[in-house]
Amino acid sequence: MSTKMLLFWLSTIVIFLALVFLSGTYFYLYFRDKKMVRLATSSIKGTIVGYNRFRGEILRLLNMR
């Protein structure tokens, strides 16, 4: 194979891998955002586990000011 042919195949592989990486990153962020919106808009009836401890921590932090 000539040098030009090797350079062509190498550049083709690099471009292909860059496109796969960029599209994969885009789809990962898109579906993660879609999941976060779905979780933020859904609600579950019942008791929030650990809410009292969390509220106590917030009050403790506010008292430190």
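Note that this is a predicted model, so its numbers are computed, not measured. Just so it is clear, the values below take in all heavy atoms, side chains as well, and ignore hydrogens, waters and symmetry mates.
Annotation: the span from Phe16 atom CZ to Phe21 atom CZ amounts to 14.5 Å, rounded to 0.5 Å. Taking NZ from Lys35 and OH from Tyr30, the interatomic distance works out to 15.0 Å, rounded to the nearest 0.5 Å. Taken from CE in Met36 to CZ in Arg38, the straight-line distance is 10.5 Å, to the nearest 0.5 Å.
Each of Leu17, Ile15, Leu10 was compared with Ile13 under the side-chain contact (heavy atoms from CB on, under 4.5 Å) criterion, and only Leu17 meets it.
Within the 4.5 Å cutoff, the side chain of Phe8 has heavy atoms near those of the Thr12 side chain.
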